[in-house]
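What follows is one structure encoded as structure tokens, with my remarks underneath.
Below, chain A is the first sequence line, B the second, and so on; all start at residue 1.
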2 protein chains.
Amino acid sequence: MIKSLDRAMEVLQYVSAHQGLTLSDLAAGLGQAPATVYRTLVTLEGRGLVEFDRDLQTWSMGAQAFVIGAQFLRRTSIVERAKPILRRLMEATGETANLGMVRERSVLFVSQAETHAPIRAFFPPGTLSPLHASGIGKALLAHMPQERFDAFLSVPLPGFTASTLTTRAALLTDCDLTRERGYAVDEEEKTEGMFCVAAPVFDASGDAAAGISVSGPVARFGRDRIANIAVHVVGAAQSLSAAIGAPSSYRA
Amino acid sequence: MIKSLDRAMEVLQYVSAHQGLTLSDLAAGLGQAPATVYRTLVTLEGRGLVEFDRDLQTWSMGAQAFVIGAQFLRRTSIVERAKPILRRLMEATGETANLGMVRERSVLFVSQAETHAPIRAFFPPGTLSPLHASGIGKALLAHMPQERFDAFLSVPLPGFTASTLTTRAALLTDCDLTRERGYAVDEEEKTEGMFCVAAPVFDASGDAAAGISVSGPVARFGRDRIANIAVHVVGAAQSLSAAIGAPSSYRA
DNA sequence: AATTCGAGTTTCACATTGTGAAAAATATAA
DNA sequence: TTATATTTTTCACAATGTGAAACTCGAATT
């Protein structure tokens with residue numbers, strides 16, 4: 001491991017999480033010498049990864065960070081293939097449709113078809129959400145190999161609202177229910193007022209590596225409406241699984 | 001400038017441009033020792049910026065690159081405010097609508113509303129295109145301060161198709177025409193078969209910093225249709241300029 | 001099954017450089 | 001004009017990044 005590179009990447013990640021800070025603020029927040037942070041920023045600026053606002057004396061993410069970050073989505077065809085499916089799902093349900101991928105202990109939201117309704121759910125691409133506190137995350141936990149599931153549970157789970165499932169027993173019950181009906185729900189477990197229906201997407205190896213969800217304000221999700229939306233979500237997830245080559249036995 | 005950090009960022013940018021290569025291929029392509037490239041990649045992997053496929057022995061961009069890259073779009077509200085405008089423009093014209101921002105000598109495509117037509121233009125977010133060989137780029141050149149425009153022309157302009165404008169005289173004429181009618185066109189200047197109508201978006205300082213365009217196969221762009229599309233594109237660009245606070249005198 | 005080969009990973013000696021305190025430069029406020 | 005705070009550069013030195021070589025591992029060949 002290259003120590004100075006790792007320190008520099010800490011700087012880059014800090015800037016991305018705290019845009020618009022001055023050199024002094026960044027150095028203080030990072031616990032690094034201003035001179036060191038300065039040289040790091042100037043080097044990254046030379047590559048276009050950060051940008052400096054001369055008037056405000058603030059540092060922010062640069063265009064090249066977007067350029068290289070966008071390449072992550074080009075590794076596979078899943079985002080491209082998901083787009084029409086998400087759009088149809090949004091039109092069929094009238095709510096925002098999302099695509100998320102599992103990464104470590106989180107779901108990474110990578111694509112979205114936004115409803116035109118004035119009040120809407122919004123998970124901008126690039127957002128990470130914990131597996132146990134998101135619809136897609138719980139759909140994936142329900143289809144996770146036992147060993148990985150146990151490893152996930154070996155770390156204490158943070159709560160976000162009064163509804164967050166944080167115990168092994170609660171998650172096991174929820175996973176059983178998810179497998180039984182083919183979809184997971186997030187009922188204000190990460191965000192107050194937010195409801196979400198999600199289903200797993202299987203890849204060519206038969207692993208649940210991504211998920212599709214529909215989300216919106218909890219007040220719009222009555223019992224009958226949930227049943228109807230779930231049918232569309234499960235169908236969309238199955239379509240995407242098929243599109244990316246999942247074995248047919250995983251699509252049921 | 002930190003030499004080792006700069007070398008490491010060269011590795012990162014190289015991986016993003018050449019995904020799915022092995023360590024040996026990357027080291028050869030970069031002209032760096034495999035041991036050095038290896039330690040760089042492992043350090044970046046630790047931060048989630050690259051990912052290693054153990055089966056294929058290949059390196060690709062990681063989720064954290066997407067996470068931090070996506071933050072570039074959150075610096076300002078332009079992408080959010082553009083979304084409904086791009087969608088309406090796509091619906092009004094039936095072709096793909098794009099938002100691009102100027103960066104150095106290029107346009108960076110940051111957002112897009114794709115037409116549902118089977119044959120379509122596609123500029124995935126994160127794509128860079130030279131200013132002189134794109135509709136948005138030429139719209140921005142037409143409103144660029146003279147000094148920056150001269151600096152731009154001081155570097156030889158590469159051609160991409162037989163139609164690319166590569167001389168000062170050709171670009172000056174094109175800029176005059178663009179200012180006169182309020183929009184630029186890209187008629188197979190970057191990509192064979194591609195047509196594009198673009199208009200500049202002004203920011204709060206009155207600078208032309210972004211642009212909106214509609215693009216599609218040249219065969220679908222007859223003279224009458226171009227006139228109609230141009231009206232929509234100019235209107236959309238003016239709406240976005242207003243939405244992000246451009247002075248009213250710049251919106252005419 | 002044993003051997004060979006190529007790529008990935010680790011070790012090691014050493015030249016290079018990253019670091020942070022201090023100084024200098026710059027811009028803003030009083 | 002002076003003071004202050006921040007940014008930027010300099011400098012001495014400790015830390016480390018580098019690449020060749022060695023080692024490890026897995027796949028292919030015999």
[atom1] of [X] versus [atom2] of [N]: gap in Å, rounded?
X: A/Leu5; N: D/dT18; atom1: CG; atom2: C1'; answer: 14 Å
X: A/Leu21; N: D/dT6; atom1: CG; atom2: P; answer: 13 Å
X: B/Leu23; N: C/dA7; atom1: CG; atom2: C1'; answer: 8 Å
X: A/Met1; N: C/dT9; atom1: CE; atom2: C1'; answer: 16 Å
X: B/Leu30; N: D/dT18; atom1: CG; atom2: C1'; answer: 15 Å
X: A/Phe52; N: D/dT7; atom1: CZ; atom2: P; answer: 7 Å
X: B/Arg39; N: D/dG19; atom1: CZ; atom2: P; answer: 8 Å
X: B/Gln32; N: D/dT18; atom1: CD; atom2: C1'; answer: 10 Å

Any side-chain N or O of [X] under 4.0 Å from OP1/OP2 of [N]?
X: A/Ser24; N: D/dT6; result: no
X: A/Arg7; N: D/dG17; result: no
X: B/Ser4; N: C/dT17; result: no

salt_bridge(A/Lys138, A/Asp186) N-O dist < 4.0 Å: no

Charged N-O contact under 4.0 Å between B/Arg75 and A/Glu51: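 Yes.
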
Side chain of [X], heavy atoms from C-beta onward: which of [options] has the nearest atom to it?
X: A/Ala33; options: C/dG8, D/dG19, C/dG20; value: C/dG20
X: A/Ile2; options: C/dG20, D/dG19, D/dT18; value: D/dT18
X: B/Tyr38; options: C/dT19, C/dT10, C/dA22; value: C/dT10

Nearest-0.5 Å distance, CG of residue B/Asp25 to OG1 of residue B/Thr58: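 Answer rounded to 0.5 Å: 10.0 Å.
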
Any side-chain heavy-atom pair of B/Arg103 and B/Met101 under 4.5 Å: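 Contact flag for B/Arg103/B/Met101 side chains = yes.
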
Intermediate values then yes/no, side-chain contact (heavy atoms from CB on, under 4.5 Å), B/Arg7 and B/Val11: CA-CA 6 Å; B/Arg7 288 184 66 181; B/Val11 172; 5.9 Å; no

Residue whose closest nucleotide on DNA chain D lies nearer the 5' end, B/Gly31 versus A/Asp25: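 Its nearest nucleotide lies further toward 5', so the answer is A/Asp25.
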
5′-ward residue of the pair A/Val42/B/Ala35 relative to DNA chain D: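 The residue whose closest nucleotide sits nearer the 5' end is A/Val42.
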
Under-3.5 Å donor-acceptor pair between B/Arg54 side chain and C/dG8 base: no

